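Everything below concerns the one structure shown next.
Bear in mind the structure is a predicted one, so any value in this text is a computation, not a measurement. Atoms within each ligand, like the ligands themselves, are counted from 1 in listed order.
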Amino acid sequence: MLLLDQTKRMILRLEEGKLLQTHKGMIQHDDIIGIPWGSEILSHLGITFTIVDPSLRDVLLEIRRKTQIIFPKDIGYILLRLSVAPGKRVVEAGSGSGALTTAFAWMVGSTGKVISYERREDMLDLAKENLNLIGLADRVEFHLADIYEGIEEENVDAFFLDLPFPQKYLGTVKNTLVNGGVLGCILPTTNQVSELLLALENHGFGVIEVAEIILRFYKPVPARLRPTDRMVSHTGYLVFARSLVVPEPPSV
Ligand code: SAH
């Protein structure tokens, strides 16, 4: 990844003999290959670029999108709450542009699996294309399907719903999750959170948490340290719950 003014990102795959054209001049790929991360390089116009390896956040911000994607600030906490780590099997619906899919695929490693359901073919194609570009497509099984019809997986570690009316799919989620497994949902308004909360208890979910992630950036100027002028103040509410083993009512 090249950074202009240490802020503007350009992520590219380096290939021998290729030329990178930017509005601040040209750079030969060969001049970048082999130099250490953190180095500076000059374009033919003498403009300085910094070379660093892209972080997961950098990759997420570069994703081509046609839907609202989940923001990195929310994804960070989702990964923690769903315990997404090497070897885990995680299901999500819908795939949308594939931002969350990318983060899950990054975290589950080569031994884990992400199973991603999407009912719109054009969105599924975009998510696949994004995962291919990033080089993580082999960790994802994409399905073109409406999860209302039920899904085949069982005993998965975690399930994330990013679609309207998540309460409609709690039966499917319950059948798919391992006992004690974690469900996460993101919803844009509080009334939708209330509807989901009512449904969760009726479907055998417990250990419920509702959260909102507020992230404020600062201008990194030592002498005038203060927040940036603008911030993203609302993305969505996060709801997490665990699938509980509910005892059968005693027969009389
Ligand atoms: N989390 C994604 C964005 C998801 S947008 C990201 O970070 O990029 C929501 C997607 O859910 C849409 O593409 C929509 O087509 C899909 N969707 C809605 N209802 C669905 C259902 N019942 N089954 C499968 N996909 C569904």
Tell me which residues fall inside the under-4.0 Å heavy-atom shell around ligand 1.
T67, Q68, I69, I70, G94, S95, G96, S97, G98, A99, L100, E118, R119, R120, M123, A145, D146, I147, D162, L163, Y169
Using the ring of each side chain (for Trp, its six-membered ring), is F104 parallel, tilted or perpendicular to F160, with breaks at 30° and 60°?
perpendicular
Is the closest basic N to carboxylate O distance between E153 and R89 below 4.0 Å?
no
Listed partners of F159 passing ring-ring contact (aromatic ring centres under 6.0 Å, His included), at least two apart:
none
Are more than 12 heavy atoms from other residues, nucleotides or ligands located less than 6.0 Å from atom CZ of R226?
yes
Using a 6.0 Å cut-off, check whether atom NZ of K66 has over 12 heavy atoms from anything other than its own residue.
yes
Pair F240 and Y77, ring centroids less than 6.0 Å apart:
yes
